[in-house]
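Below is one structure, written out as structure tokens; the observations come after it.
Being a predicted model, the structure only gives us computed values, none of them experimental.
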Amino acid sequence: RSSLCHKPSAGLQSPDKAEALIIPWANECSFATILGNAQDLGAKLAVLYPRDPTKPLEEVSCSGEECDIAVSIPAMMIPWTRSLEQHGGRLTLTFDQERAPG
């Protein structure tokens, strides 16, 4: 399970005080829960990828009560690639603002 499916412990910080967290997604809890917890760790943005490389990308969204979780960091899902597990976890990404309902 993703450790971000649960509230982070008090005093816990994101690894190396990272600006972004790269998070494997396995559909074990809601995007809102994971993103809210990443934000609580101090992440400035979140990049999710399917833990199972055969799974398709999903829209990062919420529904019902999970939409009450306040998330203000940008987030996106990218396809799994070997480079996610190589290069010491360093990626270069470009974000463009996109407004979507939800």
The residue among L35, I22, L57 that forms side chain to side chain contact (heavy atoms under 4.5 Å, CB included) with L48 is L35
### Task
Please lay out, stage by stage, how L41 and L21 fare under the test side chain to side chain contact (heavy atoms under 4.5 Å, CB included).
CA-CA 9 Å; L41 283 172; L21 287 180; 4.2 Å; yes
Do the side chains of Y49 and P24 get nearer than 4.5 Å, heavy atoms only? yes
Smallest heavy-atom separation, A32 atom then C62 atom, equals CB-CB, 4.4 Å
Minimal heavy-atom distance between E66 and S63, with the atoms involved, is CG-O, 2.8 Å
Residues I78 and P50: closest non-hydrogen pair is O-CD, 3.3 Å
- Message: What I'd like to find out is whether the side chain of E58 reaches to under 4.5 Å of the side chain of F31, using heavy atoms alone.
- Response: yes
CG (N37) and SG (C29) are apart, to the nearest 0.5 Å, by 7.5 Å
CD of E59 to CE of M76, rounded to nearest 0.5 Å, is 13.5 Å
I'd like to know if the side chain of Q39 pairs up with that of S72 as donor and acceptor (distance under 3.5 Å, no hydrogens or angles considered). yes
**OP:** Tell me, with the steps shown, if I34 and W25 meet side chain to side chain contact (heavy atoms under 4.5 Å, CB included).
**Re:** CA-CA 9 Å; I34 288 177; W25 172 249; 3.3 Å; yes
OG (S30) and CD1 (I69) are apart, to the nearest 0.5 Å, by 5.0 Å
